[in-house]
Every structure is written in C-alpha cells, then in structure tokens.
Amino acid sequence: MHRFERKQNIFRNKDALNESYQPDRIEERDEEIEEYMEALQPVVDGWEPNNIFIYGNTGVGKTAVTDYLLERLQKDVSSYDDLELSVISLNCKTLNSSYQVAVELVNELRPTGREISSTGYPQQTVFKKLYEELEAIGGTILIALDEIDSIGDRDELLYELPRARANGKLESTKVGVVGISNDFKFREQLDPRVQDTLCEREIQFPPYEAPELENILESRAEIAIVDGAIEQGVLNFCAALAARDSGSARQALDLLRLAGEIAENREANHIERAHVETARSQLEQERVEEGMRELTPHGRLALLAVASRSAKEETPCRGRDIYTEYVTLCESSGSEPLTQRSVHNHLSDLRMLGILSASENRSGSRGNYYSYELDVPFSSAVEAMADVLRLDSEIDTIRRMAAINDVV
DNA sequence: GCTCCACAGGAACCCGAGGGGG
DNA sequence: CCCCCTCGGGTTCCTGTGGAGC
C-alpha cells in the first residue's frame with residue numbers, strides 16, 4: 001500500500017531558501033543600499049533621473065536590492081501628487097541584442113494582442129515604437145535591465161535611451177536606465193559614450209565574505225529550518241564553501257537547501273556536514289549537465305571526441321588529435337565535419353562551461369597549444385549525450401574501452 | 001639574439017531561416 | 001511579388017604568441 005506521509009523533521013518553511021523568496025530585511029548590504037538610494041534621490045526631487053550601473057557576481061544581492069529599493073521608491077513617491085513614476089523591470093538573460101531588448105520592452109508596454117514580432121523590423125523602427133509607448137506613459141520612467149551583459153557588444157539601446165530626451169525623441173517623459181550586470185568586464189567593452197551616460201552612477205556589489213554569508217544563512221535558516229535540526233558548524237561550512245567559490249549567497253542557500261533535502265531523504269534528524277558535501281557535488285553535477293544539454297550537435301561531437309580519447313587513456317591531448325577523432329565520429333554519424341577552426345571554437349566553449357580543462361603547452365619551436373581533458377567524470381559526459389546522437393554503437397565502444405582502461 | 005612552429009582567437013563575411021511591409 | 005530586417009552558426013583569412021633550437 002502506498003501512502004504519503006508528511007515529513008517535517010528538517011524544514012519548517014523551505015521557501016525561505018528559494019531564489020524567489022524576498023526577505024523582510026536585506027542583510028550585509030547597508031553601504032550599497034545607501035549609495036543606491038542616493039543615486040535614486042533625483043527621482044523623488046523631481047529631476048531627471050540618474051542612469052545607474054550596478055555590477056557584481058551572481059548572488060551578491062544586486063537584483064534583490066534593486067527590487068526592494070524600486071518598490072520602496074514607488075511607494076514613497078506616491079505620497080507626492082506632483083510626481084508620476086513608472087518602473088519597468090526586464091531580465092535580459094535570453095535577449096542577446098539591443099534589438100531584442102527593445103522589442104521585449106515594447107511588448108511589455110503594449111496590451112496583449114498588440115505585441116510586435118521579434119524579427120523583421122529595422123532597428124530604428126523598433127526604437128521608434130518604444131519611444132511612442134514611453135511617451136504615452138509620461139512622467140518619470142525607470143527601466144531596470146537585469147543581466148544586461150547578455151546583449152554583448154550590441155549596445156545601441158544603451159546609447160539611445162539615455163539620450164532620447166536630449167535628441168528630441170521624448171518630450172514629456174523622463175527616462176532613467178538601471179543596468180545590472182554580472183560581468184564587470186562588460187563595462188569596459190561598452191562604447192565610451194555609453195559608459196559616460198549609463199555609468200553616471202556606478203555601484204559595485206562585492207562578493208560576500210564567509211562571515212557575511214554565515215549571517216545570511218543564519219537569518220534564513222531561522223525561518224526555514226526546524227530548531228536544532230542543523231548540526232554545529234554546518235552553516236559555517238556552507239558559508240566557507242560558497243565564499244571560496246563565488247561569494248554568492250545564492251550558492252550558499254542552494255547548498256543548505258539541498259543538504260536539507262538530502263538529510264530528509266536519509267531520514268536523518270539533522271543536517272550534517274556530510275550532507276553538505278553530497279549537496280555540493282550534486283549541484284556541481286547539475287551545473288555541468290545543464291551546460292551539456294545546451295550544446296549544439298557539433299559541440300556534442302567535439303565533447304564526445306574528447307571522451308573517446310579519454311576512454312583510451314590518451315588525454316590530455318591537443319586540439320589537432322581531437323579534431324581527427326572528431327572527424328571519424330562525424331563520419332560514423334553521417335554528418336559533415338566542420339572545419340578545424342569551428343571545432344576549435346567548440347572546444348573553447350566547452351572550456352568556458354567548465355566541461356573541459358585545458359593546460360597550455362609552450363614548446364617553443366614546436367609551437368604553443370592547449371592540451372584538453374575532461375573536467376567532469378567520464379561517465380556523466382557520456383551519459384549526457386547518449387540519448388541524442390545516432391552513435392549508439394560508437395558510444396558502446398567508447399564505454400568498453402573505458403572499462404578496459406578503468407576510466408571513470 | 002633571431003627565427004619560426006603550430007597553435008589561439010579576432011574580424012569580416014556568408015547563408016538560410018525567421019519575419020516585416022509596400 | 002520583391003526587397004528589407006535580424007540572428008545563429010558556419011566559413012575564410014589573418015595576426016599574435018613565447019621559448020627551443022639554430
């Protein structure tokens with residue numbers, strides 16, 4: 001007989017560890033909040049808003065603080081009847097050009113049914129539509145663009161928006177842009193004219209230090225987890241791991257949440273260090289699988305080529321040898337091989353994703369080159385691709401080779 | 001101390017699939 | 001119908017690199 005039973009020996013309110021949870025109080029970011037408020041002050045005073053650029057790694061509170069302050073600002077502004085403030089927030093993660101961001105903004109502002117399609121128009125046409133929508137709203141408009149770095153170097157919108165008023169594109173509307181970026185190199189690569197305007201006010205969110213992370217974890221754990229269900233030193237351990245890796249509160253909270261789930265599944269009464277260890281390797285695994293799922297067919301073939309070399313205990317090995325392996329795999333799967341340059345691109349993508357690691361070889365007259373090897377367990381690399389490629393027999397061979405050579 | 005290997009990675013371009021709009 | 005737009009993934013061509021060996 002099957003039966004569901006409520007388990008509540010670990011969690012009291014697990015949601016408090018989720019990304020979407022909004023805590024009442026934001027911990028350890030007092031200085032940044034103060035600076036941020038100062039940058040937003042002109043809105044309350046009725047002047048043209050500052051453009052603000054926020055940067056810092058993922059999980060250091062940029063988005064949380066922005067959401068909190070913009071909400072606060074709207075509330076506080078509403079008590080002055082001569083001020084009209086609208087806030088538009090957009091996450092640009094999946095939008096990789098100014099064009100797409102502009103389309104998305106227009107569609108955000110338009111009622112359902114009147115949206116525009118995401119291709120087809122000349123860029124300026126889309127900008128014009130955007131200005132029309134903004135002008136129709138009037139007052140002060142703050143546009144918060146989260147993960148803005150994903151537009152890469154196609155940053156025309158960031159040039160246009162802050163200048164819209166000066167260029168006569170907008171009459172009655174004052175626009176302020178808040179750009180949020182995970183990548184502080186993004187700032188450098190921006191057109192200098194964009195830097196001038198967009199980065200009028202810059203606020204940097206530094207990574208959290210271990211003690212700060214521990215405070216954050218403590219305050220969340222109080223809400224999320226049953227009293228006494230955390231063993232001594234576990235929070236400290238989570239904080240230390242996250243601080244060493246990324247300084248991200250997101251990561252620290254994920255670790256704690258997953259460790260809790262593992263503890264629960266093992267029917268333990270409290271979360272132990274060992275659960276955190278397991279949680280860490282699981283999260284790492286998930287991250288890698290995520291990366292592999294999004295590979296293009298040739299990206300997969302390139303990875304499989306490395307896996308194949310690895311099965312024969314021939315890694316680390318250089319790009320040239322991977323390429324020949326890749327070509328034979330292409331032939332067996334009946335697809336046209338790409339040029340060496342393209343495979344080289346795939347290898348470097350895989351390196352960025354942390355799936356491959358590369359060591360530089362400087363051998364003078366015999367050239368400089370990278371030696372690649374798998375940076376993930378052999379089995380997870382092969383597993384992740386087995387279902388997609390029409391290479392079952394080849395993959396079997398690779399597996400058998402691996403078994404003989406005892407590769408894992 | 002100069003040369004030069006053999007790769008890394010940037011730049012410019014190409015192509016076909018998405019979709020305008022007159 | 002024709003010519004316009006963007007975009008992703010691909011090419012082609014090219015320059016930069018650092019120390020072993022002359």
Side-chain angles (χ1 to χ4, degrees), chain A residues 90 92-107 110 113-133 147-161 183 185-186 188-191 291-306 309 314-327 329-331 333-373 375 385 388-389:
Chain A
L90 185 63
C92 307
K93 193 191 214 148
T94 57
L95 310 168
N96 45 22
S97 66
S98 280
Y99 185 93
Q100 292 176 346
V101 172
V103 167
E104 209 51 40
L105 284 172
V106 170
N107 287 339
R110 289 197 168 184
R114 285 197 53 231
E115 287 98 344
I116 59 176
S117 80
S118 60
T119 53
Y121 305 99
Q123 181 154 272
Q124 281 302 325
T125 310
V126 181
F127 288 169
K128 211 175 132 209
K129 289 176 194 290
L130 178 57
Y131 293 136
E132 281 163 15
E133 296 301 327
E147 305 194 48
I148 186 64
D149 43 312
S150 72
I151 68 168
D153 52 7
R154 293 182 278 183
D155 55 8
E156 301 88 341
L157 183 70
L158 300 180
Y159 178 81
E160 284 266 335
L161 267 181
D183 176 5
K185 273 177 279 166
F186 179 65
E188 323 284 87
Q189 72 168 51
L190 287 172
D191 188 314
M292 290 195 281
R293 230 173 289 131
E294 281 165 22
L295 293 176
T296 58
H298 285 287
R300 289 162 191 271
L301 282 165
L303 175 53
L304 197 61
V306 182
R309 300 294 294 207
E314 289 170 355
T315 51
C317 85
R318 57 200 299 175
R320 185 171 57 185
D321 301 327
I322 295 171
Y323 185 65
T324 50
E325 190 76 45
Y326 159 84
V327 172
L329 282 172
C330 279
E331 278 160 7
S333 77
S335 48
E336 277 296 298
L338 303 178
T339 57
Q340 199 155 358
R341 176 74 185 85
S342 301
V343 173
H344 170 64
N345 270 347
H346 284 299
L347 291 176
S348 109
D349 287 349
L350 290 166
R351 195 153 47 87
M352 302 284 187
L353 289 166
I355 297 172
L356 295 183
S357 66
S359 54
E360 247 176 312
N361 295 52
R362 305 225 139 112
S363 51
S365 59
R366 264 163 294 127
N368 303 329
Y369 55 91
Y370 281 143
S371 285
Y372 295 91
E373 64 187 314
D375 203 19
M385 291 173 299
V388 187
L389 300 156

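Computation of the quantities below employed the complete heavy-atom set of this structure, encompassing side-chain atoms and omitting hydrogens, waters and symmetry-equivalent molecules. Convention: sequence-line order gives letters A, B, ...; per-chain numbering from 1.
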Hey, is the side chain of A:Tyr372 poking within less than 4.0 Å of OP1 or OP2 on B:dA8, counting only N and O atoms? yes
Would you kindly check if the NZ (Lys) or CZ (Arg) of A:Lys128 is within the cone defined by 45 degrees around the ring axis of A:Tyr121 and under 6.0 Å from the six-membered ring centre? no
From C:dT17, C:dT12, C:dC5, pick the nucleotide closest to the side chain of A:Pro122? C:dC5
Categorize A:His298 for me: base, sugar-phosphate, or nothing, with a 4.0 angstrom heavy-atom threshold over every strand shown. sugar-phosphate
Tell me the interatomic distance from A:Arg341, atom CZ, to C:dT11, atom P, rounded to whole angstroms. 11 Å
Answer yes if the side chains of A:Ser150 and A:Asn96 hold a donor-acceptor pair under 3.5 Å, and no otherwise. no
OP1 or OP2 of C:dT11 under 4.0 Å from side-chain N/O of A:Ser342: yes
So do the side chains of A:Leu347 and A:Leu303 get within less than 4.5 Å of each other, counting heavy atoms only? no
note: A:Glu294, atom CD; C:dG8, atom P; distance rounded to Å ~ 14 Å
What is the distance, rounded to the nearest whole Å, between atom OH of A:Tyr370 and atom P of C:dG18? 11 Å
Would you name the heavy atoms of A:Ser98 and A:Asp155 that are closest together and state the gap between them? OG-C, 3.3 Å
Nearest-nucleotide pick for A:Arg351, side chain only, options being B:dG9, C:dT12, B:dC7: B:dG9
In residues 97-107 of chain A, what residues come within less than 4.0 Å of DNA chain C, judged by heavy atoms? A:Ser97, A:Tyr99, A:Gln100
Once you round it to whole Å, what is the distance between P of B:dA6 and CG of A:Asp321? 13 Å
Kindly assign one of parallel, tilted or perpendicular to the pair A:Tyr372 and A:Tyr370, based on the angle between their ring planes and the thresholds 30° and 60°. perpendicular
Only pairs at least two apart or in different chains count here, so list each side chain to side chain donor-acceptor pair (under 3.5 Å) that has a residue in residues 338-352 of chain A. A:Thr339-A:Ser342, A:Arg341-A:Asn345
Roughly, in whole Å, what's the span from CD in A:Gln123 to C1' in C:dT6? 9 Å
Check whether any side-chain heavy atom of A:Leu158 sits under 4.5 Å from a side-chain heavy atom of A:Ile151, and report yes or no. yes
Ignoring backbone atoms, test whether A:Arg154 places a side-chain nitrogen or oxygen under 4.0 Å from the OP1 or OP2 oxygen of C:dT6. no
Name the nucleic acid region contacted by A:Asn96, choosing base, sugar-phosphate or nothing; use a 4.0 angstrom heavy-atom cut-off, strictly under. sugar-phosphate
Can a side chain N or O of A:His346 be found less than 4.0 Å away from OP1 or OP2 on C:dG10? yes
Reckon A:Arg362 has a side-chain N or O less than 4.0 Å from the OP1 or OP2 of C:dA20? no
Candidate nucleotides C:dG9, C:dG18, B:dA8, ranked by approach to the side chain of A:Thr296 - the nearest: C:dG9
Take atom CD1 of A:Ile116 and atom P of B:dG18, then tell me their distance rounded to the nearest Å. 20 Å
Say whether A:Gln124 and A:Glu160, considering side chains only, have a donor N or O and an acceptor N or O under 3.5 Å apart. yes
What integer distance in Å separates A:Leu338:CG from B:dC15:P? 17 Å
Assign each of A:Ser117 and A:Asn345 to its nearest nucleotide of DNA chain B by heavy atoms, then name whichever residue's nucleotide is nearer the 5' end. A:Asn345
Expressed in angstrom and rounded to an integer, what is the separation of A:Glu360 atom CD from B:dC7 atom P? 14 Å
